[in-house]
Amino acid sequence: MVSQRGIGAVYQMSTECGSLYLQHVGSDATFGTSVAVFSDPELSDFRFSLIFPLGSAVRHKLVHRIVRSDIPQRYKTLRFRYELGPQGAFRWMIVEGLHQYKVEKLSPEQVAFVLGVAVNVAAVKQLFCEGWTEGEPFPLVG
């Protein structure tokens with residue numbers, strides 16, 4: 001796992017459709033490293049946030065660090081959301097620190113939580129190049 005000291009670091013990754021920029025926004029013992037993905041180095045064009053093996057990508061030189069920047073307020077407290085599926089009364093699990101709870105519908109605040117889906121390098125590139133943005137249904141990747 002990338003150390004907590006790396007929070008705020010911004011990394012560039014090349015893709016077939018141009019560069020994407022990953023900002024390390026947090027680390028969790030259970031979920032791993034969370035990143036926010038942007039299409040520009042100024043971090044003004046946010047696309048999505050999710051779980052990504054940043055430490056491995058750094059070790060394999062698939063990303064390179066370009067700068068450190070303050071993380072957005074929405075990530076000051078690291079919180080996750082993940083979809084449970086369409087069955088049952090509850091559709092989403094919310095994780096805030098040591099607390100977990102189920103909700104049927106996400107509040108506007110919960111929509112901004114990190115999506116608790118882990119993707120590899122190929123999947124993050126695919127999501128980016130297909131133009132997926134947070135708030136849209138999560139596509140099948142692979």
Side-chain angles (χ1 to χ4, degrees), residues 1-86 88 90-142:
M1 185 181 310
V2 178
S3 79
Q4 289 285 9
R5 294 187 311 266
I7 293 176
V10 179
Y11 299 84
Q12 182 178 18
M13 178 189 295
S14 296
T15 75
E16 61 194 33
C17 61
S19 291
L20 64 85
Y21 301 86
L22 303 136
Q23 184 178 30
H24 179 192
V25 296
S27 296
D28 180 83
T30 301
F31 286 90
T33 303
S34 57
V35 297
V37 178
F38 300 85
S39 64
D40 66 320
E42 292 84 26
L43 308 181
S44 63
D45 187 21
F46 172 78
R47 297 296 181 88
F48 50 88
S49 60
L50 37 64
I51 310 302
F52 180 74
L54 186 57
S56 177
V58 169
R59 283 190 302 280
H60 289 95
K61 298 181 177 23
L62 301 172
V63 299
H64 69 278
R65 185 175 158 171
I66 58 171
V67 71
R68 179 180 299 276
S69 182
D70 291 334
I71 63 170
Q73 184 63 39
R74 70 191 276 182
Y75 301 118
K76 296 289 183 184
T77 302
L78 191 57
R79 300 170 293 188
F80 297 93
R81 63 185 166 91
Y82 60 90
E83 198 163 11
L84 296 171
F90 296 104
R91 186 159 177 214
W92 293 92
M93 178 68 74
I94 303 297
V95 180
E96 297 186 80
L98 299 175
H99 304 287
Q100 296 185 26
Y101 54 95
K102 297 175 184 176
V103 298
E104 185 175 340
K105 185 175 178 186
L106 296 173
S107 71
E109 180 186 23
Q110 292 164 337
V111 169
F113 293 2
V114 172
L115 183 58
V117 171
V119 298
N120 61 21
V121 170
V124 81
K125 287 180 177 184
Q126 179 184 347
L127 290 169
F128 180 78
C129 288
E130 288 179 0
W132 181 70
T133 58
E134 201 147 310
E136 296 176 358
F138 192 76
L140 296 175
V141 293

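Note that the numbering runs from 1 along the sequence shown for the chain.
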First locate atom OH of Y11, then atom CZ of R65, and finally report the distance between them rounded to the nearest 0.5 Å. 5.5 Å

Heavy-atom check, side chain of L50 versus side chain of V35, under 4.5 Å: yes

Does any N or O in the side chain of H24 come within less than 3.5 Å of the main-chain N or O of G6, such that one atom is a donor and the other an acceptor? yes

Are any of the side-chain heavy atoms of I66 and Y21 separated by less than 4.5 Å? yes

In the structure I gave you, are the side-chain heavy atoms of Q12 and P41 within less than 4.5 Å of one another anywhere? no

For G116 against Y82, the heavy-atom pair lying closest together: O-CB, 3.8 Å

Is the number of heavy atoms from other residues, nucleotides or ligands within 6.0 Å of CG (D40) greater than 12? yes

Interatomic distance, R59 atom CZ to L54 atom CG [nearest 0.5 angstrom]: 9.5 Å

Would the distance check show the side chain of W132 and the main-chain N or O of P137 forming a donor-acceptor pair, the cut-off being under 3.5 Å? yes

Expected output: side-chain E130 to main-chain L127 donor-acceptor under 3.5 Å: no

side-chain contact (heavy atoms from CB on, under 4.5 Å) between M13 and V121, intermediate numbers included: CA-CA 9 Å; M13 178 189 295; V121 170; 4.2 Å; yes

Residue pairs fulfilling disulfide bond (SG atoms under 2.5 Å apart) with at least one residue in residues 7-61, sequence neighbours excluded: C17-C129

Report yes if some heavy atom in the side chain of P139 is under 4.5 Å from a heavy atom in the side chain of Q126; otherwise report no. no

Mind jotting down which residue pairs meet the salt bridge (Lys or Arg N to Asp or Glu O under 4.0 Å) criterion with at least one end in residues 45-57? Sequence neighbours excluded, please. D45-R47

What I'd like to find out is whether the side chain of I94 reaches to under 4.5 Å of the side chain of L106, using heavy atoms alone. yes

So, do F113 and F80 have ring centers that fall under 6.0 Å from each other? no

Looking at E16, I want to see if its CD is surrounded by more than 12 non-hydrogen atoms of other residues, nucleotides or ligands under 6.0 Å. no

Decide yes or no for V114 and R81: does some side-chain heavy atom of the first lie under 4.5 Å from some side-chain heavy atom of the second? no

Rounded at 0.5 Å granularity, tell me how far OG in S39 sits from CG in L20. 9.0 Å

Go through the steps to decide whether L22 and V10 satisfy the test side-chain contact (heavy atoms from CB on, under 4.5 Å), and finish with yes or no. CA-CA 6 Å; L22 303 136; V10 179; over 6 Å; no

How many angstroms lie between CZ in F52 and OG1 in T33, if you round to the nearest 0.5 Å? 9.5 Å

Checking E96 now: which residues fulfil side chain to side chain donor-acceptor pair (under 3.5 Å) with it, not counting sequence neighbours? Y101

CZ (F48) and CZ (F138) are apart, to the nearest 0.5 Å, by 8.0 Å

Side chains of I51 and V119, heavy atoms from C-beta outward: is any pair under 4.5 Å? no

Taking all non-hydrogen atoms of both residues, which atom of V25 and which atom of L78 are closest, and how far apart? O-CD1, 4.5 Å

Checking side-chain polar atoms at under 3.5 Å, does Y75 have a donor or acceptor matched by the opposite partner on S34? no

Working to the nearest 0.5 Å, report the span between CZ of F38 and OG of S69. 8.0 Å

Without swapping roles, check the side chain of E134 against the backbone of S49 for a donor-acceptor pair under 3.5 Å. yes

Which atom of F46 lies closest to which atom of A36, heavy atoms considered: CE1-CB, 4.0 Å

Backbone of V95 reached by a side-chain donor or acceptor of R79 within 3.5 Å: no

Within the structure provided, determine whether K102 and R91 are in side-chain contact (heavy-atom separation under 4.5 Å). no

